[in-house]
Protein chains: 4
Amino acid sequence: MPRVSEKYKEEKRQAILDAAAQCFAEKGYNETTVDDIAKASGTSKGSIYIYFKSKEELFHLLNEKRTEKYFEIKDQLKQLDGATKKVNHLFQYFLSGKTDEEDFNQIAVQFEFWIYISKGDHQKLFDERAERFTRFLEEIIEEGVETGEFREDVQVSEFSRLFWPLLDGIVLHLLFHKSEESHKSMLQLYHQMVLRYLLP
Amino acid sequence: MPRVSEKYKEEKRQAILDAAAQCFAEKGYNETTVDDIAKASGTSKGSIYIYFKSKEELFHLLNEKRTEKYFEIKDQLKQLDGATKKVNHLFQYFLSGKTDEEDFNQIAVQFEFWIYISKGDHQKLFDERAERFTRFLEEIIEEGVETGEFREDVQVSEFSRLFWPLLDGIVLHLLFHKSEESHKSMLQLYHQMVLRYLLP
Amino acid sequence: MPRVSEKYKEEKRQAILDAAAQCFAEKGYNETTVDDIAKASGTSKGSIYIYFKSKEELFHLLNEKRTEKYFEIKDQLKQLDGATKKVNHLFQYFLSGKTDEEDFNQIAVQFEFWIYISKGDHQKLFDERAERFTRFLEEIIEEGVETGEFREDVQVSEFSRLFWPLLDGIVLHLLFHKSEESHKSMLQLYHQMVLRYLLP
Amino acid sequence: MPRVSEKYKEEKRQAILDAAAQCFAEKGYNETTVDDIAKASGTSKGSIYIYFKSKEELFHLLNEKRTEKYFEIKDQLKQLDGATKKVNHLFQYFLSGKTDEEDFNQIAVQFEFWIYISKGDHQKLFDERAERFTRFLEEIIEEGVETGEFREDVQVSEFSRLFWPLLDGIVLHLLFHKSEESHKSMLQLYHQMVLRYLLP
DNA sequence: AATGAATGAGGTTTCATTCAT
DNA sequence: CATGAATGAAACCTCATTCAT
């Protein structure tokens, strides 16, 4: 089907990506064959290689997408005033969103991807991502300290850096135990701990 | 009458396990071949199948070992009196221990294993492990609340359940960023947050 | 009534052939993909199949073209009188011509083609070609013997048959070593050997 | 069949090499699949990769073997005295030997190999081989000139360099036309031309 | 006539496991 | 018990050809 519209191509690309995410989440990266992805996306093996360079590229792209998704919230936060409100909204966001299957798949794929590339020298990739997330939070915490909403002795930088790994721990737990309920309860308690650390 | 002594066999088993841990940590489970393990352990591919059923069994056993190691500390804690002291000692333990390479390898392997078995119905495995860890901490927190060391409104059960995933998050971070220093700094701040949550 | 002129079509055909020759020469027949040819000729994969039946057909046609080119010289020789002069002119032709890249490419493709079809029953193709070349030279040598320019004991038929393989050997050498200088020096010495064999 | 004797392994290696030569000669390098070689040698595809790194390595090794074979004659020549005798013996050798199928296969494979590697920068490989062959002949021709057997004006170096390409041309012809008779007749005439060039 | 996405057979290579020695 | 050659299924990826647009 040549001379096909840009839209068609974009849809096909997306269909393959979705299928890949699904497969990776279900069977893991290594256990997933390109044939699996082809079948799941309703195309042929060959077509996948028209749209993507390799199975690994699919893995990479899926991870990038996931990371970008995290930053969607940044814009929402800008409109709020008050650091506490922002932190609260952040947790609200975490608590509300994770219901759909697709999101769940993305988490699984993301962690597997990290483990996957933790071998080999992809240090930079990790560090950049961490830095981005840290700065994102730092702005909020700094604001809170300056306005006096938060305690003066908050270790702004250290805390901003710690925040995300702790969150990752909770998400990892979700991946393993697959209990939505337990996950939300954990987020709430984590929220409480964070506030108790920040608020005077 | 066996040709070789029990002791010899046990040592060989251990050598293979160690080699497997090393290889898995370095290259990942999938990238590691049985040949790699054979070479690293100084035996032959065939011998590995005398001592172990499959490559996957090695993976399973390695993970169990790692879990056991965590509970070594339990005995140490019993001798201390005071819940705060125990919590402090726990963090002391985390801060002191993780220096050797072998330990580091085990962490890498463990996370990969979890991701690996998060597909398929190994729910029970995870849940049992979580339960065990939770109970371990619950005893300490409960004690603290009862003696009045900790605040009355501490959510004992929820906190005990949350504690480990958060710790896992920090360890996962270590796996990716490989900075001992950053790791320790995170542990210290986490320690502080925990105390601020628990102490009146 | 055709949509495009004959001339346009002929030019397009030629462009594809040229591109194919270029690609085959650079990467070899097997390593060249139809996509390569499409890109090099500035058309699409699909178009190539409008003008040619298959990738293999391009290979065949290219070889035929090369053979034809060899016979261009025949007309030039007719105008000369004296067998020695003709032989000398032949060598002059070889010595002068092979400078352009395209010619070089054609040689490479030609040899690869021969090897390629030396499997399978294309005996006839070879034999016909050889016969044609042999006869071409035979006429000259015969003339020389008859006029007394050449020795009487020259084995006309055998020599005419041998002449071309020897020349092929030199050209093959050029293909491998790619030294224009060495190639010319060889041609000159071969010329000398030929004359010493033919002249009294 | 482990702990297998060195002899067994050597035989197996050789069997695979022979099978590969056979297949390459029959169908060409590209048309030959590893499965073909496996079947022809009576093993499995996997086994081939125990003994050889890749299909291409088989190709390389086969070519090296062929080159070595050429130099077997060197020792025979040493025992003869007189440059003319040596040259004659050389041609005797060419005329006598090429009867068996295996030899024929080797020729086919060798030419295909050369074409194959003429793309890519394997210049050195060619040059080294040419140098070796040239020097081999140079010694003989030099001797002849010094003893006065050969003409004084023989261009020793140029001739020695030219000799082999011309021979290659004849062998190439054999590959295409597969006529033993025609091949021998060509060798004889070439012999004559060589002598007429060398002898006073 | 022109395009280039689609196809799927087929290529090379890897590797967990077995088993004869 | 120890070995490592043998196996063959299966993985990823390529590409000549077709055909809907």
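The chains referred to below are lettered A, B, ... by the order of the sequence lines, with proteins before strands, and numbering in each begins at 1. No hydrogens, no waters, no symmetry mates; every other heavy atom, side chains included, goes into these values.
- In this structure, the side chain of T32(D) engages the main chain of C23(D) through a donor-acceptor pair within 3.5 Å.
- Interatomic distance, L17(B) CG to F24(B) CZ, rounded to the nearest 0.5 Å: 9.5 Å.
- For I16(D) and dA5(F), the CD1 to P distance is 12 Å, given to the nearest whole Å.
- As rounded to whole Å, 17 Å separates atom C1' of dA6(F) from atom NZ of K39(D).
- Between T43(B) and E56(A), the residue anchored closer to the 5' end of DNA chain F is T43(B), taking for each the nucleotide with the nearest heavy atom.
- Contact of the T43(C) side chain with the Y51(C) side chain is not registered, since no non-hydrogen atoms from C-beta on lie closer than 4.5 Å.
- A close approach under 4.0 Å does occur between a side-chain nitrogen or oxygen of Y51(C) and OP1 or OP2 of dA2(E).
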- prompt: Which string of ( ) [ ] | and . matches DNA chain F, if you list each base 5' to 3' and count Watson-Crick or G-U pairs only when both distances are under 3.5 Å?
  reply: .||||||||||||||||||||

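- Within a 6.0 Å sphere centred on NZ of K53(D), other residues, nucleotides and ligands contribute 12 heavy atoms or fewer.
- Along DNA chain E, the nucleotide closest to N30(B) and the one closest to I48(C) are compared, and the more 5′ of them pairs with I48(C).
- As a whole-Å value, the separation of E6(D) CD from dG4(F) C1' is 13 Å.
- In this structure, F113(D) has its ring center under 6.0 Å from that of H60(D).
- Both tests hold for K55(B) against Y29(B): distance to the six-membered ring centre under 6.0 Å, angle to the ring axis within 45°.
- Between the C1' atom of dA6(E) and the CG atom of D35(C) lies a distance of 13 Å, rounded to the nearest Å.
- Using modelled atom types, one finds no donor on one side chain facing an acceptor on the other under 3.5 Å when comparing Q22(D) with D18(D).
- The interatomic distance linking E31(C) (CD) with dG11(E) (P) rounds to 15 Å, in whole Å.
- In this structure, the separation between CD on Q106(C) and NZ on K65(C) is 5.5 Å, given to the nearest 0.5 Å.
- Atom CD1 of I50(B) is separated from atom P of dA16(E) by 17 Å (rounded to the nearest Å).
- The shortest distance between the side-chain N/O atoms of K12(D) and the OP1/OP2 oxygens of dA6(F) is below 4.0 Å.
- Between the P atom of dT7(F) and the CD1 atom of I37(D) lies a distance of 15 Å, rounded to the nearest Å.
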query: Is there a salt bridge (Lys or Arg N to Asp or Glu O under 4.0 Å) between E112(B) and K119(A) once you walk through the steps?
result: CA-CA 11 Å; E112(B) 195 176 355; K119(A) 340 281 173 185; 3.7 Å; yes

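- Distance CZ (F52(D)) to C1' (dA5(F)): 14 Å, rounded to an integer number of Å.
- Taking 4.0 angstrom as the limit, Y29(C) places none of its side-chain polar atoms (N or O) nearer than this to OP1 or OP2 of dA16(F).
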Contact list (N/O, under 3.5 angstrom) for nucleotides 8-10 of chain E vs protein:
{"unit_1": "dG10(E)", "atom_1": "O6", "unit_2": "K45(A)", "atom_2": "NZ", "d": "3.1"}

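- Between Y49(A) and dC13(F), a side-chain N or O to OP1/OP2 separation shorter than 4.0 Å is present.
- In terms of position on DNA chain F, the residue among K55(C) and T32(A) whose nearest nucleotide sits closer to the 5' end is T32(A).
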query: How far apart are the C-alpha atoms of E11(C) and K7(C), what are their side-chain angles, what is the distance that settles it, and do they pass the salt bridge (Lys or Arg N to Asp or Glu O under 4.0 Å) test?
result: CA-CA 6 Å; E11(C) 275 171 13; K7(C) 181 164 163 287; 3.2 Å; yes

